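Reviewing the structure listed below.
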Amino acid sequence: MLQVSFLRQNRELAKQKLAVKHFAQPDLVDTVIDLDDERKQLQAAFDETQAKVNAASKEIGALMAKGDKEQAEATKAAVGEWKKQLEPLKEKMAQVEIDLQNTLVQFPNLPHDLVPKGKTPEENELVKQGGETPKLHAGAQAHWDLISKYNLVDFETGSKITGSGFPLYIGKGAKFQRALVQYFLDFNIAAGYTEYLPPFMVNEASAFATGQLPDKEGQMYHATADNFYLIPTAEVPVTNIYREVVLKEADLPLQMTAYSPCFRREAGSFGKDVRGLNRVHQFEKVEIIQIVHPDKSDEVLNEMVAHVEKLLVSLGLQYRILRLCGGDMGFASAITYDFEVYSAAQERWLEVSSVSNFQAYQTYRMKCRFKDAAGKINFAHSLNGSSLALPRIFAAIVENYQTEAGIALPKVLQAYFGAENLI
RNA sequence: AGAGAGGUGUCCGAGUGGUUUAAGGAGCACGCUUGGAAAGCGUGUAUACGGCAACGUAUCGGGGGUUCGAAUCCCUUCCUCUCUGCCA
C-alpha cells in the first residue's frame, strides 16, 4: 500500500510512476489527498468536541463526590448536546476513512527507476543469459511424454482424486521432488537463510498484508467454513511473521527460507502454457524472503538475484534473467527479475523464479517497522523470490538431461536423490 | 467438539463504574555517587492520528453496546491454559 504522506509530497512523480505500470486511474492520487484532507478536518473537529466531553465527564465525577447533584445534572445536559454533535462527525469520519482505505488499496506499488516502460512480456528487458543449450538426441521428448513413459507423474489419477492440475507424483518422480526440496533448502540455509515450515493456510489479515487481498482474491482457494485461504506461496505466511511488529534496527536483515506447497486457482489462464507441469493448481516451491533496512533493499535484491543464479548454474540449466517491464510486473512489486530456464525439448523458455523488491509496499500494509538508533520508527523493506519453484525445474531437468537410455541427473542432485541417474 | 479459567505496557503484576493522568516490581537507557564496579538515589522508558508547538484524540486481545463517564458492566469474536471427548 502506498503512503498518503508520500503521495502528498510527490503528487506528479507518483502519477508518472503509475503510468509506467499502466495504471488506468492516475487521478485517484488527487482523490486520496482530498479524502485525507477531509479526514484531517473531521478529526480535528471531532477531537475538539470529544475533549470537551471528556473534561466535563471528569467534572461530573468531582461534583458527585462533593454531593453537588444539581450542578452535575446541568453538566450532564451540556455533555448530551456535545454528544449529539459528535454522532454525525463520527459517522462521516468512519465513512471517509473507509473511502480512503478503499482508494489507497487500489494503487499498485510504484516501479523502481530501473523498470522499463513496456506493457507486454515481449518488452521485458534481457539482463543476462547463461549456460549452454543442451544437444538432445534424435527423438527427444517433452516432459509430458517422458513422465508418462517412466511413470513419474500421473495427471489422470490426480484429476480423479481432485481435479485437473493436481499432479500425482509416483515413485522416482515423488522422490525427485523431495530431493529437489531438500537441495534447495540446504542451498539457501548455507547462504544464511533460516528455515521455516509455515502454516499452509492463512487468515484474511495475512492475505491482505502481503497484497493477495483484495487484488487476487479469485486466485486463491478459500476455505469458507473457517475463512482461511490456501497459500499461493510461502511468501504469505512467512512475511506475516513480522506483521504488526516493531523490530530493532540490529535485527535486520531477516533472511528466511521456507518450503511449501502452493495452491493457485489460475482462473482465466488457458492455452499453450498449460500442458504437463507448465501450469498446475498445486505445486511445490522453496521461497526466500528478506526483511531489510530501506537503504539496503536495492543491494539485497542484487544479492538475491545472484543467489538464484548460482543455484541454476549448479543445476547445469541454461537460463536467462529478465527485468520485467511495468506492464508485466506484479501488483505489489517495485522491481522484479524473472528467471527462465530453456527447455530444449519444448524449445521455449520456462519461468522458474521471480525475485522482487516490494520496498515498503507490504511492510506499510503489515505495519512491519523498525526503530533506528535515534528511536525513530521506520518501515522496513521486504523482498522475496523463488529458490526455486519445482514443476518447471522438474520439467527442464527431465527434458534436458534425457538420454536414449533414461534420464541423467545434475551432479549436485545425485547425493540428494541417492543415485547417479533419475532413470 | 464440550465444560471451566484466563488475555492489562518490554516483562511480571495490581486494578470489578469516577483524581487510574493504568499502582507496584523487574528489565533497559541516561545522570548522580565510585579509583572502577555493584548497591543506592534521581530521571526517562508503547503505538497511531491531528497540531509549528503546548497539547488533544484513540488504544488494557479484536469488534460492537450500555453510561455524563468503561481496563472494570453487557453482547460477539479470536487466542491461551486445564479437564473431558475425538484423532495422526
Side-chain angles (χ1 to χ4, degrees), chain A residues 1-9 32-105 197-209 213 222-229 237 240-252 261 360 362-380:
Chain A
M1 201 154 64
L2 299 179
Q3 299 178 46
V4 181
S5 57
F6 178 88
L7 293 176
R8 197 180 272 285
Q9 285 159 27
V32 159
I33 293 166
D34 290 347
L35 283 168
D36 193 50
D37 284 339
E38 197 181 347
R39 181 189 62 83
K40 282 186 190 186
Q41 229 173 28
L42 287 167
Q43 188 179 343
F46 180 87
D47 283 0
E48 196 188 332
T49 308
Q50 183 66 49
K52 283 197 266 184
V53 169
N54 287 348
S57 294
K58 225 170 266 176
E59 218 178 284
I60 292 170
L63 290 168
M64 299 285 251
K66 261 198 295 182
D68 191 347
K69 273 238 159 109
E70 208 170 303
Q71 187 56 43
E73 286 305 322
T75 310
K76 268 193 201 185
V79 171
E81 281 308 305
W82 288 325
K83 287 192 64 162
K84 264 187 222 157
Q85 297 169 24
L86 238 34
E87 273 312 310
L89 278 177
K90 205 171 158 184
E91 268 171 48
K92 230 188 261 174
M93 201 156 67
Q95 190 53 52
V96 168
E97 264 165 31
I98 289 167
D99 290 347
L100 180 60
Q101 182 74 5
N102 288 346
T103 312
L104 219 42
V105 295
L197 183 62
F200 299 155
M201 292 196 196
V202 295
N203 58 30
E204 214 176 317
S206 293
F208 177 81
L213 292 178
H222 189 190
T224 52
D226 295 290
N227 197 24
F228 293 154
Y229 292 87
N240 269 282
I241 293 169
Y242 293 99
R243 168 154 54 88
E244 284 155 51
V245 168
V246 181
L247 294 153
K248 296 196 237 4
E249 189 167 4
D251 295 335
L252 304 175
Q362 290 181 327
T363 53
Y364 180 59
R365 247 180 204 232
M366 282 205 297
K367 299 188 174 64
C368 170
R369 296 155 292 175
F370 72 95
K371 198 176 256 191
D372 65 22
K376 196 172 168 288
I377 303 276
N378 303 286
F379 289 98

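Small disclaimer: the values here were computed from a predicted structure and weren't measured.
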Proximity to the side chain of Asp47(A) - top-ranked nucleotide from C49(B), U47(B), U57(B): U57(B)
Base-pairing mate for U57(B) - Watson-Crick or G-U, with both contacts under 3.5 Å: A48(B)
Along RNA chain B (nearest heavy atom to each residue), the more 5'-positioned of Ala44(A) and Glu48(A): Ala44(A)
Watson-Crick or G-U counterpart of A38(B), or none if no pair lies under 3.5 Å: none
Interatomic spacing from SG in Cys368(A) to CD in Glu244(A) - rounded to 0.5 Å: 10.5 Å
C1'-based separation of G35(B) from C30(B) [nearest Å]: 22 Å
Any donor-acceptor pair under 3.5 Å from Asp251(A) side chain to Lys248(A) backbone: yes
Please write out the pairs of protein N or O atoms and N or O atoms of nucleotides 58-61 of chain B separated by less than 3.5 Å, giving the distance to one decimal.
from   : atom 1 : to       : atom 2 : distance (Å)
A58(B) : OP2    : Asn54(A) : ND2    : 3.4

Length of the line joining Lys90(A):NZ and G50(B):C1', which is rounded to integer Å: 18 Å
U43(B): pairing nucleotide in any strand, Watson-Crick or G-U under 3.5 angstrom: A29(B)
Touch class at under 4.0 angstrom, heavy-atom based, for Lys248(A) against every strand present: nothing
Sugar-phosphate, base or nothing in reach of Ala56(A), heavy atoms under 4.0 Å: nothing
Contact list for RNA chain B against residues 71-85 of chain A - heavy-atom distance below 4.0 Å: Lys76(A), Val79(A), Lys83(A)
Spacing of CZ belonging to Phe379(A) relative to CZ belonging to Arg365(A), to within rounding of 0.5 Å: 13.0 Å
Residue met sooner reading RNA chain B from 5', once Ile377(A) and Lys52(A) are mapped to nucleotides: Ile377(A)
Distance in Å, Asn378(A) CG paired with Leu247(A) CG, rounded so as to fall on 0.5 Å steps: 11.5 Å
Rounded C1' spacing from G42(B) to U80(B) in Å: 40 Å
Minimum-distance nucleotide (side-chain atoms of Arg369(A) versus U21(B), A48(B), C68(B)): A48(B)
Nucleotide opposite G15(B) in a Watson-Crick or G-U pair, distances under 3.5 Å: U8(B)
Nucleotide nearest Gln43(A) (side chain, heavy atoms from C-beta), chosen from G50(B), C68(B), U47(B): G50(B)
Distance-only polar pair, side chains of Ser57(A) and Asn54(A), donor-acceptor under 3.5 Å: no
Spatial distance of atom CG (Asn102(A)) from atom CD (Glu97(A)) [nearest 0.5 Å]: 11.5 Å
Distance (rounded to the nearest 0.5 Å) between Asp99(A) CG and Glu38(A) CD: 8.5 Å
Distance, P atom - from G13(B) to A26(B), rounded to whole angstrom: 15 Å
Distance (rounded to the nearest 0.5 Å) between Thr49(A) OG1 and Glu81(A) CD: 12.0 Å
Residues Asp37(A) and Arg8(A) bridged, charged N to O under 4.0 Å: yes
